[in-house]
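Step one of this worksheet: look at the structure below.
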Amino acid sequence: MILSEILKGVEYKCNSFIDLEINDIAYDSRKAGDGIIFVCLKGAFADGHKYAASAYEKGSRVFICSDEIDVGDDSVIITVEDTRACLAEVSCNFFRHPSKELAVIGITGTKGKTTVAHIVKSVLDCGGMMTGIIGTVGARFGDIVLPTVNTTPESYELQKMFRQMVDGGCKAVAIEVSSLGLKSHRTDGTEFTLGIFTNLYPDHIGTNEHESFEEYAYWKTRLFPLCQTAIVNADDPFAPVIIQNCKGETITYGECENADYRLVSCEKIKFNNKLGMSFTCLHSGKENKNRISLPGDVNASNALVALAVADFFGIGQEGKTKGLESVFVKGRGEMLSLDSDFTVIIDYAHNGVSLKSIIDTAKAYEHNRVITLFGSVGGRTECRRQELGSVSGALSDLSIITSDDPNFEDPRNICEEIAESCKAQGGEYVIIPDRAEAIEYAIMNAQKGDIIILAGKGHEETMKICGENIPFVEKDEVFKAMAKRG
């Protein structure tokens, strides 16, 4: 593709324009080279303008920047106001606007994005509509798995994935849209068919995230002017603000009487060796009973979203039933298959709200004790430690306080901070900083009927320690401990 086509619609200034043939776009100087545009992005920890010379040495001769750069005189230098916004524009052009060929379903909210995305994908797939997924646990479609770094990938990767999905036969994609993704222009240029709002709680507030709850909430609303139709949780207090920002039709769901998809009743059940829910939905004056293979009242509510999406695309009851009853979400209320008389659940809960939700969910099923194993990340969001300790101390029969990405902080110090809040609630706890040892302790001391919740890591397969991502698969540690238990 020639440079002028890639720059279509972009406002820029240029030192000396040459309409060169472009093979790719890069914002990491290590991926620069002949025929590759280098975009100088400013991030929280690095400024791409400082790496322009390195990209030049690797062969790049077209640069997009907002500040002055020191490269050879044979370079085409495109100057724009915001390189991150420009990256989104040129990526859309380079990959030929793939979102125009997909039904893009954007999901935002503090909690539930990953689970809702998986439920929606499962129902659409089972209804014969091949659907991709992009989010916290990665990206995939069919048998193809695509690596990701952020919940909402950088705009270049996002548009590339969309193109791969279109070319691979996808008709739709469910994508988690984070507030930081919206703020960082990662979704700019994407045409959203549906926008889904789950809920809003204070989170992601602090260094390198959002300055305040108000700013966090503002960026959540920014998805909905981009969507043709919105599906909104009517039970959430922030729903009226979301609806006010919708440009098209709004469909509501929840327990409130005026919800378009109303949750009339739900009950905890076990089927197919899984903790699940049976629920009744009232829509257009008709009641319909369904089951979902995920535990907790919240997943009955999440299932309403999938029913609304299915109806939007004309998916029949067979697809809905099969999709809801077969859905699986890695690291989200994931019950491990163990030959034991106790239950182990892996969940990504890493703040007070989500931890309370998974503990309450577990306690609603028949059990002996609920044992919660968790920690908190190092270097940021210290208020989370107080929340986590207070929640588990008040609700769990035993808290096992351990590590969760301590990075450069002393894990024991983090654990002791959490323990103070746990102790204040009168909760019983033990501190075992090594997470593998903590898991072994939980398994070796489990009693008949216990439910053990391993919270915080979820789908992740590494532990961040002293700046390095060390391999750590929680499920593997459980099976190792089970082998020792015999």
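- Side-chain atoms of D235 and Y253 include no donor-acceptor pair closer than 3.5 Å.
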Could you walk me through whether S301 and E255 pass the side-chain hydrogen bond (donor to acceptor under 3.5 Å, both in side chains) test, one step at a time?
CA-CA 8 Å; S301 181; E255 295 183 49; over 6 Å; no
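- E5 is linked by a salt bridge (charged side-chain N to carboxylate O under 4.0 Å, His left out) to nothing, counting only residues two or more places apart in sequence or in another chain.
- In this structure the side chain of T131 never reaches within 4.5 angstrom of the side chain of V120, judged on heavy atoms.
- Both cation-pi conditions hold for R291 and F271: the charged atom is under 6.0 angstrom from the six-membered ring centre and inside a 45 degree cone around its axis.
- Residues satisfying the side-chain contact (heavy atoms from CB on, under 4.5 Å) test with H459, not counting sequence neighbours, are T136, V137, K330, R332, Y348.
- Residue-environment remark: NZ (K42) exceeds the threshold of 12 foreign heavy atoms within 6.0 Å.
- Ring to ring, F224 and F192 are not that close: their centroids are 6.0 angstrom or more apart.
- With sequence neighbours excluded, no residue forms a ring-ring contact (aromatic ring centres under 6.0 Å, His included) with F313.
- Atom NZ of K111 is surrounded by more than 12 heavy atoms from other residues, nucleotides or ligands within 6.0 Å.
- Residues meeting the side-chain contact (heavy atoms from CB on, under 4.5 Å) test with C86, sequence neighbours left out: V10, I64, V80, V90.
- Heavy-atom neighbours of Q317 CD from other residues, nucleotides or ligands within 6.0 Å: above the threshold of 12.
- Taking the side chain as every heavy atom from C-beta outward, V232 and I251 never approach each other to under 4.5 Å.
- Looking at I358, I400, L373 one by one, the single match for side chain to side chain contact (heavy atoms under 4.5 Å, CB included) with I453 turns out to be I358.
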Would Y156 and D24 count as a side-chain hydrogen bond (donor to acceptor under 3.5 Å, both in side chains) here? Give the steps.
CA-CA 10 Å; Y156 169 84; D24 209 346; 2.5 Å; yes
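- For the side-chain contact (heavy atoms from CB on, under 4.5 Å) test, residues two or more places apart in sequence or in another chain that qualify with T252 are A234, I243, T250, A259, D260.
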Could you please spell out the steps behind the salt bridge (charged side-chain N to carboxylate O under 4.0 Å, His left out) verdict for D297 and K268?
CA-CA 8 Å; D297 293 1; K268 281 84 178 167; 2.7 Å; yes
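- Taking CD1 of I452 as the start and CD1 of I345 as the end, the distance is 10.0 Å to the nearest 0.5 Å.
- In this structure a side-chain-to-backbone donor-acceptor pair under 3.5 Å is present from N299 to P295.
- Side-chain contact, D236 with N199: no donor N or O sits under 3.5 Å from an acceptor N or O.
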Could you please spell out the steps behind the salt bridge (charged side-chain N to carboxylate O under 4.0 Å, His left out) verdict for K356 and E387?
CA-CA 10 Å; K356 182 180 186 302; E387 292 177 2; over 6 Å; no
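- Residues forming a salt bridge (charged side-chain N to carboxylate O under 4.0 Å, His left out) with E191 (at least two apart in sequence, or on another chain): K100.
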